[in-house]
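Just so you know, ligand 1 is whichever comes first in the structure, and atom 1 is the first atom listed for that ligand.
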Amino acid sequence: MYSQGLIGAKEDVVEDDAFLEAFQRRIDAEEKIEPNDPMPKAYRNTLIRMIGQHAHSEIVGMLPEGNWITRAPSLRRKVALLAKVQDEGGHGLYLYSAAETLGVSREQMTEELLDGTAKYSSIFNYPTPTWADIGTIGWLVDGAAIMNQVPLCRCSYGPYARAMIRVCKEESFHQRQGYELVQSLCTGTSEQKAMAQDSLNRWWWPSLMMFGPSDTESQHSDQSMKWKIKRFTNDELRQKFVDATVPQAEHLGLSIPDENLVWNSEKNNTQGGYDFGEINWKEFWQVVKGHGMMNRDRIAARKKAWDDGAWVREAAAAFADKQRKTADAA
Ligand code: BYC
């Protein structure tokens, strides 16, 4: 899908065995790959796909929470939520810029999001009917994002790895504000605590789905691990998330909605970990393929924002054109 229109890409290199082995040696030596370095076409396309999907997730991720900005219950909560949603917009911009260093344009990536060819995280296709969802998203969704994204700070592609450092710091603040919000609900009235439990019941399984298909089904993990784009498999990260989050739920006095959740001291090389129930993979693939509860609304909202912003793009292009002509005439 991304093989056409690589605006900044270097001429294709001859991908013979010597080239591929030399490239792998650089990866194995933990050297960072930079935009002008020769790289296999598949490495470039894997990164464009993954960084593009990540950027789209940040941008679409602003929608479910943005929905609550006008209804935040206090000024303090409103300020925190506004800042969080703005941070997600900033993450999207870093990531589009990182993808552009690989030779794909932001316009092309946006078109692929709007026409449904590019993916974004399944998690943002679930609705946010209650205020507790704002806390739960910070706690679980940003918590899962951190688990997945901290290892990406060591990704072999330099611009992505560097962008992830600031993103992770901000996600960490988001996770804390979410946990603190849920904690307030859990120490409030019985109705507030019930609202927090209901929200956890709805977001727990979709949060586990964020890590992607199981290792036996993941198409890209093996190669991405060899290229040190990914440092852990989907299942390894999912397990770390479950092990970190269950004690947090216990501290809040909330129940994880999984009757098969049980401590297993033999897990994780006998360090112990939780066994947990089977994810509903049918639901996961339905959402990924565009048939979740909110897929249509999310894309319609993005399309409207893109169309409404057309005059800004035209004005910016006209201004740049005028500057160029002035410079040429001087
Ligand atoms: N939703 O072979 P696999 C965030 C797709 S956090 C939708 O395992 P890979 C945020 C996958 O793309 C969320 N699609 O792929 C948080 C592939 O399809 P294609 C974003 C999914 O790439 C808080 C196919 O399934 N984070 O933004 O090795 C607030 C097979 O999967 C999902 C990132 O993007 C899913 N959950 O691993 C605001 C982090 N899972 O491309 C914002 C970077 C899988 O072949 N990305 N698919 O058509 C990654 O770490 C990896 O790309 C994934 C998937 C773990 C997501």
Given that the side chain starts at C-beta and the backbone is N, CA, C, O, which of these parts of [X] lies under 4.0 Å from ligand 1, counting heavy atoms, or is it both or neither?
X: Glu88; value: side chain
X: Phe211; value: backbone
X: Asn234; value: side chain
X: His174; value: neither
X: Leu237; value: neither
X: Tyr120; value: backbone
X: Lys119; value: side chain
X: His91; value: neither

Could you list all the side chain to side chain donor-acceptor pair (under 3.5 Å) pairs where at least one residue sits in residues 153-165, not counting sequence neighbours?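 The answer is Glu34-Arg162, Tyr43-Ser156, His54-Tyr160, Thr101-Tyr157.
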Using the side-chain hydrogen bond (donor to acceptor under 3.5 Å, both in side chains) criterion, which residues pair with Tyr96? Sequence neighbours excluded.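 For Tyr96 the side-chain hydrogen bond (donor to acceptor under 3.5 Å, both in side chains) partners, ignoring immediate neighbours, are His56.
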Without hydrogens or angle criteria, can the side chains of Asp215 and Thr233 be said to hold a donor-acceptor pair below 3.5 Å?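 Yes, Thr233 and Asp215 have a side-chain donor paired with an acceptor closer than 3.5 Å.
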For Asn125 and Asp297: C-alpha separation, side-chain torsions, deciding distance, then whether side-chain hydrogen bond (donor to acceptor under 3.5 Å, both in side chains) applies. CA-CA 9 Å; Asn125 293 307; Asp297 289 53; over 6 Å; no
